[in-house]
Amino acid sequence: MTTNEQQESYQQEAKLFFSRNLLEWYHGQKRDLPWRRHRNPYYIWISEIMLQQTRVDTVIPYFNRFIERFPTVESLADAPEEDVLKCWEGLGYYSRARNLQHAAQQVKEQYGGQVPDDRDAVFSLKGVGPYTAGAILSIAFNRPEPAVDGNVMRVLSRYFLIEDDIAKGPTRVKMERLAAELIPEGEASHFNQALMELGALICTPKSPRCLLCPVMEHCSARLAGCETSLPVKTKAKPPRPEERLAALVEGRGAHAGRVLIRQRPSSGLLARMWELPHWPAPPAEGGDPAALLPETAALDRLRRSLLQAGILARPEEHWMAAEHTFSHIVWTLQVYRCREEEALPLAAEGRALYGAAGEAAAAGTSDPLLDTGTVPSGPSSSAGLFAEENSPAERFADGSGHPEDAGAVRWISRSDMANYAFPNVFLKLLNAYFDEQEGKHGN
């Protein structure tokens, strides 16, 4: 037998060993996860979308709440987007929720509400890429399709000593072909879950638990002593830091006990979610992006930004700092307490609309004419005065949506928070504020 033939024989033996031992280990050690208790393709699909970039322990309560609220494809397809976002609140990466609902509408309209088991049909669904399609087809329908994510590429890189950069497209294609070869006949569902489980529990990114690994005997990286250096992956560009000034506007009079929130534009980053008003901070003296703006300058800039947005409130003091990380940006929010002033420098129409929105919130009305109020951008004199520093495009200067979509505001109490979907950082800020107020008043 030639050297090449010996190597091929060993590789084939290693593949058979891997598939057989991995399946045996999985059947004895698999975790009891809620989406594994059935073969409902809709539930499996939801779990796979939620598990993207998110830990299993975090996903479990979200998954349970989500399928309770939206038990069928049709119920998700027909739900108001605000309800879907509220159910997703705190899980992050909100485009996943929007894409999931859009895809549910596709399934309802094109496939009668039944998740298709056809490869091209699954791939055509909004937000479904190669990994998610492979996971749905294999786990739900036992189709011999690879499902290759970061966990799987890490396992395969180590076991087969693959030193190609997993951040590159050709490497993923290579991994998908290899994973497909490893699937035992009739065992796609269990095998792909076993492969994911091994990466999650044993073959972890740091300090892999090799002595507990069911396939350690033939793991090439372990035998070569380089398991901790694999997989090879190009480092992603770090997210760009961005300092922002946020306004915690405390209401007076009819709005006492409430704070002002605004809705983001209908497209782009965190689309249609609710937040405290905030704007990019101007560069500190010297242009150092890490340097904080002096408090006097920050208060003045925030006052001008509020006025340009049509909100007359006086910034009074720094309250706290918070951070929100996206894949490409890190917001550092410097949050200032602001006190609502008695009159707003708006045209009569703007004052009536702003007041109506506040009165509707205070009364708990569901009148759609009051619930869709938008605060105008301010009087022409103010707009002209601050146009250079606070242009409309700067109100959402993170590049999301269009300025004309922005500006819907509400005065809310803690109990009202249940009706609005907030990014996690604003959810924490609002809860911290209301906790503080309740502590002051002994509630």
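Each residue takes its place number in the sequence, starting with 1.
Under the rule for a side-chain hydrogen bond (donor to acceptor under 3.5 Å, both in side chains), the partners of Ser138 that lie at least two apart in sequence or sit in another chain are Asn192. In this structure, the side chain to side chain contact (heavy atoms under 4.5 Å, CB included) partners of Gln52, at least two apart in sequence or on a different chain, are Ile49, Arg96, Thr132. Here Arg36 pairs with Tyr26, Lys30, Arg31, Leu33, Gln193, Glu197 under the side chain to side chain contact (heavy atoms under 4.5 Å, CB included) rule; sequence neighbours left out. Thr72 pairs by the side-chain hydrogen bond (donor to acceptor under 3.5 Å, both in side chains) definition with Ser75, not counting sequence neighbours.
Across every non-hydrogen atom of Tyr420 and Lys86, the tightest pair is O-NZ, 2.6 Å. The two atoms that bring Arg222 and Cys210 nearest to each other are CD-CB, 4.0 Å, heavy atoms only.
In summary, the aromatic rings of His278 and Phe426 are positioned with their centroids under 6.0 Å apart. The ring of Phe326 has its center closer than 6.0 angstrom to the ring center of Trp331.
Geometrically, Arg303 does not engage Trp279 in a cation-pi contact, judged by NZ or CZ lying under 6.0 Å from the ring centre and within 45° of the ring axis.
Applying the salt bridge (charged side-chain N to carboxylate O under 4.0 Å, His left out) test to every pair with at least one member in residues 316-336, sequence neighbours left out, gives these pairs: Arg314-Glu316, Glu317-Arg337. The ring pair (Phe, Tyr, Trp, His ring centres under 6.0 Å) pairs that include a residue from residues 34-54 are Trp35-Phe63, His38-Tyr43, where partners are two or more places apart or lie in different chains.
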side-chain contact (heavy atoms from CB on, under 4.5 Å) between Leu430 and Met417, intermediate numbers included: CA-CA 9 Å; Leu430 288 164; Met417 289 174 62; 3.7 Å; yes

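To the nearest 0.5 Å, the span separating CG on Asp117 from CG on Leu137 amounts to 7.5 Å. Note that CZ of Arg37 and CG of Asp32 are 4.0 Å apart. Values are rounded to the nearest 0.5 Å. Atom OH of Tyr94 sits about 11.0 Å away from atom CG of Leu269, to the nearest 0.5 Å.
A 6.0 Å sphere centred on CZ of Arg252 holds more than 12 heavy atoms belonging to other residues, nucleotides or ligands.
A 4.5 Å side-chain heavy-atom check between Tyr336 and Trp319 finds every atom pair outside the cut-off.
Side-chain contact annotation: His318 with Glu295, donor-acceptor N/O pair under 3.5 Å absent.
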